[in-house]
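Notes to accompany the following structure.
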There are 2 protein chains.
Amino acid sequence: MPGSTTDRQNAGPGKAGAYSVPQALAAMADRGFRLTAPRRAIATAALRQERPFTAEQLVADAATGDGESGRSTVYRTLEILAALGVLSRILDASGRPVYVAGAPVHRHHLVCDACGTALPFNVCPVADIADALARENDFEVRGHLLEIFGTCGDCRTESP
Amino acid sequence: MPGSTTDRQNAGPGKAGAYSVPQALAAMADRGFRLTAPRRAIATAALRQERPFTAEQLVADAATGDGESGRSTVYRTLEILAALGVLSRILDASGRPVYVAGAPVHRHHLVCDACGTALPFNVCPVADIADALARENDFEVRGHLLEIFGTCGDCRTESP
DNA sequence: GTGCAATTGACACAACGTCTCATCTGAAAT
DNA sequence: ATTTCAGATGAGACGTTGTGTCAATTGCAC
Ligand SMILES: [Mn+2]
Ligand SMILES: [Mn+2]
Ligand SMILES: [Zn+2]
Ligand SMILES: [Zn+2]
């Protein structure tokens, strides 16, 4: 059962808000999760990704890469990493859940149709109108979903 | 009535932007789609929904309600109705595609967690910042996704 | 009416995800 | 170092959502 105590030195993310693999593992151990070989492999693979990735992608990755891991374990470990704030689970342009590195802070993305890169931005234009909308419609706002889609500069220069 | 003429005046949606069943059928016929029994049944069932509905919900509905329709036909007909602007396909809080009545105009919704009601609103706070974000990040904006989640007044008064 | 292309729907298939449960293992206690 | 067992694994069955195929059916133009 989770809840024990161990080393807390590098349990948190660095300045950029991104966890290193050792930090991610420490965060897991902190919460009482056992450091198994599959979990090490999955955390390593997840943090190596430079773009949003689906669970299935990592299933395939983990099968060939850093040791074998079953589908169930991949799903379970990604869930844990998301709960710990090592990863965030967001929705891509098609509504499919994808994971990105970083805590699930209030954040939105510029998502490139071509390469899938999700560039975060933090200005939120929703808060301004949410209050007004809530009042006008007797609606209690809990949260919102905002993603902007298009094409990044790199992809535009590479295409005719 | 023998020899009655086909209403051509009903090809478009009414003032509220919502299609009636005859209007939806007329829109299909206009585009060369045949008016089959399954299509009538599916259009009828779809326009009867008062909340966003999934294709699978309508598959179940159509099986019991206005005559039998195969799964493939339901999916295909919903796709047609969405293409015609009779329905819109949006994403719910979980990212699942759902259909709502009305043309896929630029629109966002207040989506109730409890009852699923999707209340549209038309003020868009994204346009304001999209330009700036595009410029700052060399990103060509194609579109965006914005849904606000929470609880509607009806559901709040019914719960403790 | 006839003819034929459009349409249907049973069925197979695939992707994604959940659940179970027999087996294995990390790590705490000794 | 060995014991011990709750935590963890993963093969496999299963459910849901959605797509593709194709022989049989049917709307509709003529
Ligand atoms: Mn926001
Ligand atoms: Mn908008
Ligand atoms: Zn790109
Ligand atoms: Zn409600």
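What you see below is based on every heavy atom in this structure, not just the backbone, and it leaves out hydrogens, waters and symmetry mates.
Checking side-chain atoms of Thr44(A) against main-chain N and O of Arg40(A) turns up a donor-acceptor pair under 3.5 Å.
Residue Glu56(A) places its side chain closer to dG17(C) than to any other of dG27(D), dA27(C), dG17(C). The side chain of Pro38(B) sits closest to dG9(C) out of dT7(C), dG17(C), dG9(C). The side chain of Ser72(A) lies closest to dA11(D) when the candidates are dT19(D), dA11(D), dA8(D). Listed nucleotides: dT8(C), dG7(D), dT26(D). Nearest to the side chain of Thr36(B): dT8(C). The listed nucleotides are dG18(D), dA27(C), dT26(D); the one nearest the side chain of Arg34(A) is dA27(C).
Rounded to whole angstrom, the span from the CD atom of Glu79(B) across to the P atom of dT8(C) amounts to 13 Å. Between Phe53(A) atom CZ and dA15(C) atom C1' the separation is 18 Å, expressed in whole Å. Here the C1' atom of nucleotide dG18(D) and the CZ atom of Arg71(B) are 8 Å apart, to the nearest Å. The CG atom of Leu35(A) sits 10 Å away from the P atom of dA28(C) (whole-angstrom rounding). The distance from atom CD1 of Ile80(B) to atom P of dG27(D) is 15 Å, rounded to the nearest whole Å. Summarising the geometry, the separation between CE on Met28(B) and C1' on dT7(C) is reported as 13 Å, rounded to the nearest angstrom. Put simply, CZ on Phe33(B) is 14 Å from C1' on dA5(C), counting in whole angstrom units. Per the geometry, CG belonging to Leu78(A) stands 10 Å off P belonging to dG17(C), to the nearest Å.
In plain terms, the two heavy atoms of Ala101(B) and Leu87(B) that are nearest each other are CA-CD2, 3.9 Å. Residue Tyr19(B) comes nearest to Leu84(B) through the heavy atom pair OH-O, 3.8 Å, listed as atom of the first residue, atom of the second, then distance.
A residue-by-residue look at Thr77(A) and Tyr75(B) shows that Thr77(A) has its nearest nucleotide of DNA chain D further toward the 5' end.
Side-chain N/O atoms of Arg39(A) include one lying less than 4.0 angstrom from OP1 or OP2 on dT9(D).
No chain of hydrophobic side-chain contacts below 4.5 Å, direct or via other Ile, Leu, Val, Met, Phe, Trp or Tyr residues, connects Val98(B) to Phe121(B).
Side-chain contact of Tyr75(A) with Glu56(A): a donor-acceptor pair under 3.5 Å is present, judged by distance alone.
Residue Arg76(A) is in base contact, counting any heavy-atom pair closer than 4.0 Å across all strands shown.
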